[in-house]
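Everything on this sheet refers to the single structure shown next.
Each chain gets a letter, A, B and so on, in the order its sequence line appears, and its residues count up from 1. From a predicted model like this one, the values you see are computed outputs, not experimental measurements.
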Amino acid sequence: MPNSVVLQLRRSLLDWYAEFGRDLPWRRSRDPYAIWISEIMLQQTQVKTVLPYYDRWLGTFPTVQALAAADQQAVLKAWQGLGYYARARNLHRAAQAIVQQHQGQFPRQITAAMALPGIGQTTAGGILSAAFNQPVPILDGNVKRVLARLVALPHPPRKVLNQLWQLSETLLDPQYPRDFNQALMDLGATICTRHNPACLLCPWQQHCQAYNQNVQSELPMSESRPPLPHKFIGVAVIRNDQGEILIDRRRQEGLLGGLWEFPGGKVEPNETIAACIKREIQEELGIEIEVGDRLMVLEHAYTHFKVTLNVHYCRHLSGEPQPLECDEVRWVTLDEIEAYPFPAANVQIIEALRAASA
DNA sequence: AATACGTGGGG
DNA sequence: TCCCCAAGTAT
(Lines give C-alpha, C1' and ligand atoms only; values in the text may rest on other atoms or scores of the structure.)
Protein backbone atom coordinates (compact mmCIF):
# COMPACT_ATOMS: atom_id res chain seq x y z
CA MET A 1 0.00 0.00 0.00
CA PRO A 2 1.50 3.37 -1.06
CA ASN A 3 2.57 5.62 1.78
CA SER A 4 0.39 8.45 0.49
CA VAL A 5 -2.65 6.21 0.89
CA VAL A 6 -1.59 5.23 4.40
CA LEU A 7 -1.35 8.90 5.34
CA GLN A 8 -4.81 9.61 3.89
CA LEU A 9 -6.32 6.66 5.74
CA ARG A 10 -4.84 7.79 9.05
CA ARG A 11 -5.97 11.35 8.64
CA SER A 12 -9.50 10.53 7.50
CA LEU A 13 -10.02 7.98 10.29
CA LEU A 14 -8.73 10.30 13.02
CA ASP A 15 -10.88 13.17 11.72
CA TRP A 16 -13.91 10.89 11.69
CA TYR A 17 -13.14 9.66 15.21
CA ALA A 18 -12.85 13.20 16.57
CA GLU A 19 -16.39 13.85 15.45
CA PHE A 20 -18.13 10.48 15.75
CA GLY A 21 -16.09 8.41 18.21
CA ARG A 22 -18.07 6.83 21.04
CA ASP A 23 -17.96 8.23 24.53
CA LEU A 24 -17.16 5.10 26.57
CA PRO A 25 -16.41 5.09 30.31
CA TRP A 26 -12.98 3.47 30.01
CA ARG A 27 -11.94 6.12 27.51
CA ARG A 28 -12.37 8.73 30.19
CA SER A 29 -9.66 6.99 32.22
CA ARG A 30 -5.92 6.65 31.80
CA ASP A 31 -5.71 4.22 34.70
CA PRO A 32 -4.09 1.07 33.29
CA TYR A 33 -6.06 -1.03 35.77
CA ALA A 34 -9.44 0.31 34.63
CA ILE A 35 -8.45 0.00 30.97
CA TRP A 36 -7.20 -3.53 31.53
CA ILE A 37 -10.52 -4.54 33.12
CA SER A 38 -12.42 -3.10 30.17
CA GLU A 39 -10.21 -4.90 27.63
CA ILE A 40 -10.73 -8.27 29.31
CA MET A 41 -14.49 -7.77 29.63
CA LEU A 42 -14.69 -6.76 25.97
CA GLN A 43 -13.10 -9.99 24.73
CA GLN A 44 -15.79 -11.63 22.57
CA THR A 45 -18.36 -9.45 24.32
CA GLN A 46 -20.32 -6.45 23.07
CA VAL A 47 -19.94 -2.99 24.60
CA LYS A 48 -23.61 -2.87 25.58
CA THR A 49 -23.21 -6.06 27.62
CA VAL A 50 -20.04 -4.87 29.31
CA LEU A 51 -21.19 -1.41 30.46
CA PRO A 52 -23.08 -2.40 33.66
CA TYR A 53 -20.46 -4.98 34.62
CA TYR A 54 -17.65 -2.47 34.19
CA ASP A 55 -19.15 0.09 36.55
CA ARG A 56 -20.04 -2.51 39.17
CA TRP A 57 -16.59 -4.07 38.98
CA LEU A 58 -14.73 -0.82 39.60
CA GLY A 59 -17.03 -0.16 42.53
CA THR A 60 -16.31 -3.59 44.00
CA PHE A 61 -12.59 -3.82 43.09
CA PRO A 62 -11.39 -0.22 42.58
CA THR A 63 -7.69 -1.06 42.45
CA VAL A 64 -5.41 -3.89 41.43
CA GLN A 65 -4.59 -4.37 45.12
CA ALA A 66 -8.26 -4.78 45.98
CA LEU A 67 -8.69 -7.35 43.22
CA ALA A 68 -5.56 -9.25 44.23
CA ALA A 69 -6.75 -9.47 47.84
CA ALA A 70 -10.29 -10.59 47.00
CA ASP A 71 -11.66 -14.13 47.31
CA GLN A 72 -12.08 -15.93 44.01
CA GLN A 73 -15.75 -16.47 44.84
CA ALA A 74 -16.31 -12.71 45.04
CA VAL A 75 -14.45 -12.25 41.75
CA LEU A 76 -16.55 -14.87 39.98
CA LYS A 77 -19.72 -13.42 41.50
CA ALA A 78 -18.88 -10.02 39.98
CA TRP A 79 -18.37 -11.80 36.65
CA GLN A 80 -21.56 -13.92 36.87
CA GLY A 81 -23.45 -13.77 33.57
CA LEU A 82 -20.57 -12.40 31.47
CA GLY A 83 -19.37 -15.82 30.34
CA TYR A 84 -15.91 -17.16 29.52
CA TYR A 85 -15.17 -17.40 33.21
CA ALA A 86 -11.49 -18.13 32.68
CA ARG A 87 -11.27 -14.40 32.05
CA ALA A 88 -12.25 -13.70 35.66
CA ARG A 89 -9.97 -16.38 37.08
CA ASN A 90 -7.07 -15.08 34.98
CA LEU A 91 -7.81 -11.48 35.95
CA HIS A 92 -7.58 -12.49 39.59
CA ARG A 93 -4.30 -14.36 39.11
CA ALA A 94 -2.83 -11.56 37.01
CA ALA A 95 -3.72 -8.98 39.69
CA GLN A 96 -1.78 -11.02 42.23
CA ALA A 97 1.18 -11.23 39.84
CA ILE A 98 1.12 -7.46 39.29
CA VAL A 99 1.11 -6.79 43.02
CA GLN A 100 3.80 -9.33 43.80
CA GLN A 101 6.08 -9.05 40.77
CA HIS A 102 5.48 -5.57 39.37
CA GLN A 103 5.11 -3.46 42.53
CA GLY A 104 1.43 -2.98 41.77
CA GLN A 105 2.15 -1.21 38.48
CA PHE A 106 0.78 -2.57 35.20
CA PRO A 107 3.83 -3.54 33.07
CA ARG A 108 4.65 -1.23 30.18
CA GLN A 109 6.63 -3.81 28.20
CA ILE A 110 4.45 -5.77 25.81
CA THR A 111 6.31 -9.00 26.58
CA ALA A 112 5.69 -8.53 30.31
CA ALA A 113 2.04 -7.69 29.69
CA MET A 114 1.54 -10.77 27.53
CA ALA A 115 3.16 -12.92 30.21
CA LEU A 116 0.17 -12.16 32.44
CA PRO A 117 -2.64 -14.74 32.27
CA GLY A 118 -5.52 -13.75 29.99
CA ILE A 119 -3.57 -11.14 28.05
CA GLY A 120 -2.81 -11.97 24.43
CA GLN A 121 -1.45 -9.83 21.63
CA THR A 122 -4.63 -7.87 20.94
CA THR A 123 -5.41 -7.16 24.58
CA ALA A 124 -1.83 -6.14 25.26
CA GLY A 125 -1.91 -3.77 22.29
CA GLY A 126 -5.24 -2.37 23.39
CA ILE A 127 -4.04 -1.67 26.92
CA LEU A 128 -0.61 -0.29 26.06
CA SER A 129 -1.96 1.99 23.35
CA ALA A 130 -4.95 3.20 25.38
CA ALA A 131 -3.19 3.63 28.72
CA PHE A 132 0.28 4.74 27.64
CA ASN A 133 -0.25 5.85 24.03
CA GLN A 134 2.30 3.28 22.88
CA PRO A 135 2.40 2.49 19.12
CA VAL A 136 1.30 -1.16 19.43
CA PRO A 137 -1.12 -2.60 16.85
CA ILE A 138 -4.31 -4.54 17.61
CA LEU A 139 -6.28 -7.15 15.71
CA ASP A 140 -9.67 -7.83 17.22
CA GLY A 141 -12.87 -8.83 15.45
CA ASN A 142 -13.66 -5.27 14.41
CA VAL A 143 -10.23 -4.67 12.95
CA LYS A 144 -10.24 -7.98 11.12
CA ARG A 145 -13.55 -7.10 9.46
CA VAL A 146 -12.53 -3.53 8.58
CA LEU A 147 -9.19 -4.56 7.13
CA ALA A 148 -10.62 -7.57 5.30
CA ARG A 149 -12.98 -5.17 3.51
CA LEU A 150 -10.39 -2.47 2.99
CA VAL A 151 -8.22 -4.82 0.92
CA ALA A 152 -11.04 -7.15 -0.24
CA LEU A 153 -9.27 -10.02 1.46
CA PRO A 154 -9.84 -13.20 -0.57
CA HIS A 155 -9.35 -15.50 2.45
CA PRO A 156 -11.02 -16.08 5.81
CA PRO A 157 -9.12 -13.87 8.30
CA ARG A 158 -8.14 -16.91 10.37
CA LYS A 159 -6.03 -18.18 7.47
CA VAL A 160 -4.00 -14.97 7.00
CA LEU A 161 -3.54 -13.53 10.47
CA ASN A 162 0.07 -12.54 9.79
CA GLN A 163 -0.98 -10.43 6.81
CA LEU A 164 -3.68 -8.70 8.86
CA TRP A 165 -1.32 -7.98 11.75
CA GLN A 166 1.13 -6.52 9.27
CA LEU A 167 -1.57 -4.28 7.83
CA SER A 168 -2.75 -3.14 11.26
CA GLU A 169 0.85 -2.23 12.11
CA THR A 170 1.42 -0.43 8.81
CA LEU A 171 -1.68 1.68 9.19
CA LEU A 172 -1.23 2.51 12.89
CA ASP A 173 -0.52 6.22 13.27
CA PRO A 174 2.76 6.50 15.22
CA GLN A 175 1.78 9.94 16.49
CA TYR A 176 -1.68 9.03 17.74
CA PRO A 177 -1.70 5.28 18.45
CA ARG A 178 -4.28 5.58 21.25
CA ASP A 179 -6.86 7.37 19.15
CA PHE A 180 -6.06 5.41 16.01
CA ASN A 181 -6.65 2.01 17.59
CA GLN A 182 -9.82 3.17 19.32
CA ALA A 183 -11.01 4.75 16.07
CA LEU A 184 -10.41 1.53 14.14
CA MET A 185 -12.57 -0.40 16.59
CA ASP A 186 -15.30 2.25 16.53
CA LEU A 187 -15.33 2.16 12.75
CA GLY A 188 -15.90 -1.59 12.87
CA ALA A 189 -18.51 -1.37 15.63
CA THR A 190 -20.59 1.49 14.24
CA ILE A 191 -19.98 1.82 10.47
CA CYS A 192 -18.26 -1.27 9.12
CA THR A 193 -20.69 -3.65 10.83
CA ARG A 194 -21.17 -7.29 9.93
CA HIS A 195 -24.63 -6.71 8.48
CA ASN A 196 -25.65 -3.66 6.42
CA PRO A 197 -22.46 -1.64 6.78
CA ALA A 198 -23.01 2.14 6.50
CA CYS A 199 -20.53 2.60 3.67
CA LEU A 200 -21.99 5.97 2.69
CA LEU A 201 -20.87 7.35 6.05
CA CYS A 202 -17.47 5.65 6.05
CA PRO A 203 -14.30 7.77 6.08
CA TRP A 204 -12.51 4.97 4.22
CA GLN A 205 -15.10 4.55 1.47
CA GLN A 206 -12.85 5.95 -1.24
CA HIS A 207 -10.03 3.47 -0.52
CA CYS A 208 -12.18 0.49 0.38
CA GLN A 209 -11.68 -2.34 -2.14
CA ALA A 210 -14.79 -4.18 -0.96
CA TYR A 211 -16.95 -1.10 -1.44
CA ASN A 212 -15.47 -0.36 -4.84
CA GLN A 213 -16.18 -3.95 -5.92
CA ASN A 214 -19.57 -3.93 -4.14
CA VAL A 215 -18.71 -7.08 -2.18
CA GLN A 216 -18.74 -5.54 1.31
CA SER A 217 -21.66 -7.73 2.41
CA GLU A 218 -19.73 -10.86 1.40
CA LEU A 219 -16.66 -9.99 3.46
CA PRO A 220 -14.96 -11.07 5.57
CA MET A 221 -15.19 -14.62 4.28
CA SER A 222 -16.55 -17.01 6.87
CA GLU A 223 -16.07 -20.70 7.40
CA SER A 224 -19.09 -22.96 7.89
CA ARG A 225 -19.15 -25.10 10.99
CA PRO A 226 -20.74 -28.49 11.60
CA PRO A 227 -23.90 -28.52 13.77
CA LEU A 228 -23.37 -28.50 17.53
CA PRO A 229 -23.75 -31.74 19.47
CA HIS A 230 -26.73 -31.90 21.84
CA LYS A 231 -26.45 -33.36 25.36
CA PHE A 232 -29.28 -34.36 27.68
CA ILE A 233 -28.51 -33.70 31.33
CA GLY A 234 -30.23 -34.78 34.53
CA VAL A 235 -30.01 -32.13 37.28
CA ALA A 236 -30.82 -32.61 40.98
CA VAL A 237 -32.21 -30.06 43.39
CA ILE A 238 -31.54 -32.10 46.53
CA ARG A 239 -33.16 -30.98 49.76
CA ASN A 240 -32.56 -32.28 53.26
CA ASP A 241 -34.88 -32.39 56.26
CA GLN A 242 -33.96 -28.78 57.12
CA GLY A 243 -35.07 -27.64 53.67
CA GLU A 244 -31.51 -26.80 52.65
CA ILE A 245 -30.30 -27.36 49.07
CA LEU A 246 -27.13 -29.18 48.02
CA ILE A 247 -24.78 -27.35 45.65
CA ASP A 248 -21.23 -28.11 44.47
CA ARG A 249 -18.34 -26.06 43.20
CA ARG A 250 -16.95 -27.11 39.83
CA ARG A 251 -13.26 -27.76 39.42
CA GLN A 252 -11.06 -24.86 38.33
CA GLU A 253 -10.25 -26.22 34.90
CA GLY A 254 -12.62 -26.36 31.99
CA LEU A 255 -16.22 -25.33 31.44
CA LEU A 256 -17.60 -22.95 34.09
CA GLY A 257 -14.55 -23.63 36.26
CA GLY A 258 -14.87 -22.44 39.86
CA LEU A 259 -18.61 -21.75 39.60
CA TRP A 260 -21.23 -23.44 41.77
CA GLU A 261 -23.98 -25.61 40.31
CA PHE A 262 -26.74 -28.04 41.03
CA PRO A 263 -25.21 -31.50 40.69
CA GLY A 264 -26.11 -33.83 37.83
CA GLY A 265 -24.76 -35.29 34.63
CA LYS A 266 -25.25 -36.75 31.20
CA VAL A 267 -28.10 -39.14 30.49
CA GLU A 268 -26.70 -42.43 29.11
CA PRO A 269 -28.36 -44.21 26.17
CA ASN A 270 -31.52 -46.07 27.25
CA GLU A 271 -31.41 -44.49 30.71
CA THR A 272 -34.34 -42.71 32.33
CA ILE A 273 -33.86 -39.21 33.72
CA ALA A 274 -34.54 -40.47 37.24
CA ALA A 275 -31.99 -43.29 36.94
CA CYS A 276 -29.43 -40.87 35.52
CA ILE A 277 -29.84 -38.43 38.40
CA LYS A 278 -29.66 -41.17 41.04
CA ARG A 279 -26.51 -42.63 39.43
CA GLU A 280 -24.75 -39.29 38.92
CA ILE A 281 -25.39 -38.20 42.50
CA GLN A 282 -24.02 -41.49 43.84
CA GLU A 283 -20.91 -41.16 41.62
CA GLU A 284 -20.27 -37.47 42.27
CA LEU A 285 -21.33 -37.07 45.89
CA GLY A 286 -21.55 -40.59 47.31
CA ILE A 287 -25.04 -40.20 48.69
CA GLU A 288 -28.42 -41.88 48.27
CA ILE A 289 -31.35 -39.79 47.09
CA GLU A 290 -34.93 -40.23 46.04
CA VAL A 291 -35.76 -38.55 42.73
CA GLY A 292 -39.05 -36.66 42.93
CA ASP A 293 -41.14 -34.34 40.78
CA ARG A 294 -39.78 -32.47 37.79
CA LEU A 295 -39.11 -28.81 38.52
CA MET A 296 -38.41 -27.67 34.97
CA VAL A 297 -36.84 -28.44 31.62
CA LEU A 298 -34.58 -25.84 30.07
CA GLU A 299 -32.56 -25.48 26.90
CA HIS A 300 -29.20 -23.78 26.83
CA ALA A 301 -26.55 -23.26 24.17
CA TYR A 302 -22.84 -23.06 24.90
CA THR A 303 -20.20 -22.22 22.33
CA HIS A 304 -19.56 -25.78 21.24
CA PHE A 305 -22.62 -27.79 22.32
CA LYS A 306 -26.25 -27.52 23.35
CA VAL A 307 -27.90 -28.99 26.40
CA THR A 308 -31.33 -29.88 27.65
CA LEU A 309 -31.44 -29.70 31.44
CA ASN A 310 -34.05 -31.95 33.08
CA VAL A 311 -34.28 -30.62 36.61
CA HIS A 312 -35.90 -32.70 39.36
CA TYR A 313 -36.54 -32.17 43.00
CA CYS A 314 -34.77 -34.83 45.06
CA ARG A 315 -34.81 -35.89 48.72
CA HIS A 316 -31.63 -36.72 50.61
CA LEU A 317 -31.89 -40.23 52.08
CA SER A 318 -28.48 -41.20 53.46
CA GLY A 319 -24.75 -40.53 53.41
CA GLU A 320 -22.60 -37.46 53.92
CA PRO A 321 -22.03 -35.59 50.62
CA GLN A 322 -18.39 -35.76 49.50
CA PRO A 323 -16.63 -33.75 46.77
CA LEU A 324 -15.69 -36.83 44.70
CA GLU A 325 -15.73 -35.11 41.30
CA CYS A 326 -15.84 -31.44 42.33
CA ASP A 327 -13.91 -29.03 44.57
CA GLU A 328 -16.49 -28.53 47.34
CA VAL A 329 -20.00 -29.41 48.43
CA ARG A 330 -22.31 -27.33 50.60
CA TRP A 331 -25.87 -27.27 52.00
CA VAL A 332 -27.39 -23.79 51.62
CA THR A 333 -30.70 -22.04 52.06
CA LEU A 334 -32.44 -20.24 49.23
CA ASP A 335 -31.38 -16.94 50.82
CA GLU A 336 -27.74 -17.90 51.20
CA ILE A 337 -27.51 -19.06 47.59
CA GLU A 338 -27.43 -15.41 46.44
CA ALA A 339 -23.80 -15.05 47.47
CA TYR A 340 -22.58 -17.89 45.24
CA PRO A 341 -21.57 -17.49 41.59
CA PHE A 342 -23.69 -19.68 39.28
CA PRO A 343 -23.77 -20.16 35.50
CA ALA A 344 -26.68 -18.59 33.61
CA ALA A 345 -28.59 -21.83 33.15
CA ASN A 346 -28.47 -22.47 36.91
CA VAL A 347 -29.65 -18.93 37.67
CA GLN A 348 -32.86 -19.87 35.89
CA ILE A 349 -33.25 -22.85 38.24
CA ILE A 350 -32.73 -20.62 41.27
CA GLU A 351 -35.39 -18.23 39.98
CA ALA A 352 -37.81 -21.13 39.56
CA LEU A 353 -37.10 -22.31 43.13
CA ARG A 354 -37.64 -18.81 44.45
CA ALA A 355 -40.93 -18.53 42.57
CA ALA A 356 -42.05 -21.94 43.85
CA SER A 357 -41.25 -21.07 47.48
CA ALA A 358 -43.02 -17.72 47.39
C1' DA B 1 -3.06 -25.69 14.16
C1' DA B 2 -7.37 -26.76 15.80
C1' DT B 3 -10.35 -26.83 19.61
C1' DA B 4 -12.29 -25.40 24.22
C1' DC B 5 -14.37 -21.76 26.30
C1' DG B 6 -20.48 -18.25 27.80
C1' DT B 7 -23.93 -15.42 26.95
C1' DG B 8 -27.44 -12.45 24.87
C1' DG B 9 -29.03 -10.40 20.68
C1' DG B 10 -29.96 -10.01 15.66
C1' DG B 11 -31.32 -11.66 11.13
C1' DT C 1 -36.49 -21.74 15.13
C1' DC C 2 -31.85 -21.72 14.37
C1' DC C 3 -27.49 -19.99 13.13
C1' DC C 4 -24.18 -16.51 13.57
C1' DC C 5 -21.80 -13.28 15.87
C1' DA C 6 -19.44 -9.88 19.49
C1' DA C 7 -12.96 -5.60 21.73
C1' DG C 8 -9.71 -13.39 22.02
C1' DT C 9 -6.80 -16.48 24.91
C1' DA C 10 -4.87 -20.84 26.25
C1' DT C 11 -3.37 -25.19 25.13
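A donor N or O paired with an acceptor N or O is not found under 3.5 Å between the base of dA7(C) and the side-chain atoms of R87(A). The base of dG6(B) sits within donor-acceptor range of the side chain of T303(A), with an N or O pair under 3.5 Å. Side-chain to base pairing of T49(A) with dG9(B): no donor and acceptor N or O lie closer than 3.5 Å to each other.
Base engagement by L24(A) is indicated by at least one non-hydrogen atom pair under 4.0 Å involving a base atom. Among the heavy atoms of the strands lying under 4.0 Å from S222(A) are primed sugar atoms or P, OP1, OP2 only; no base atom is included. Counting any heavy atom pair closer than 4.0 Å across all strands shown, I119(A) reaches sugar-phosphate atoms only and no base atom. As judged by a 4.0 angstrom heavy-atom cut-off over every strand, T123(A) is placed among residues touching the sugar-phosphate backbone only. At a threshold of 4.0 angstrom between heavy atoms, the contacts of L256(A) are confined to the sugar-phosphate backbone, with no base atom among them. Contact annotation for V47(A): base contact, defined as any heavy-atom pair under 4.0 Å involving a base atom. Contact annotation for G254(A): backbone-only contact, meaning every heavy-atom pair under 4.0 Å involves sugar-phosphate atoms and none involves a base. Within the 4.0 angstrom heavy-atom criterion, no nucleotide atom of any strand lies near W79(A). Within the 4.0 angstrom heavy-atom criterion, only backbone atoms of the sugar-phosphate kind lie near G141(A); the bases stay farther away. At a threshold of 4.0 angstrom between heavy atoms, the contacts of G257(A) with the nucleic acid are absent.
Between R27(A) and D186(A) there is a salt bridge, with a side-chain nitrogen of the basic residue lying less than 4.0 Å from a carboxylate oxygen of the acidic one.
A distance below 6.0 Å separates the ring centres of H230(A) and F232(A). Aromatic rings from Y53(A) and W57(A) are positioned such that their centres are separated by 6.0 Å or more.
When rounded to the nearest whole Å, the span between NE2 of H304(A) and C1' of dA4(B) equals 5 Å. Counting to the nearest Å, the P atom of dC5(C) and the CE atom of M221(A) are 13 Å from each other. Summarising the geometry, the separation between NE2 on H300(A) and P on dC3(C) is reported as 16 Å, rounded to the nearest angstrom. To the nearest angstrom, P of dT7(B) lies 4 Å from OH of Y85(A). Rounded to an integer number of Å, the gap from CD of Q43(A) to C1' of dA4(B) is 15 Å.
Between dC5(C) and R145(A), no contact under 4.0 Å exists linking OP1 or OP2 to a side-chain N or O.
Using C1' as the reference atom, dC5(B) and dC5(C) are 15 Å apart when rounded to the nearest Å.
Shown here for I40(A) and R87(A), the closest heavy-atom pair between the two residues is O-NH1, 3.1 Å.
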For this session: Report the C-alpha distance between L324(A) and L285(A) in whole Å, list the side-chain angles of each, state the deciding distance to 0.1 Å, and finish with yes or no for side-chain contact (heavy atoms from CB on, under 4.5 Å).
Result: CA-CA 6 Å; L324(A) 301 177; L285(A) 306 173; 6.0 Å; no
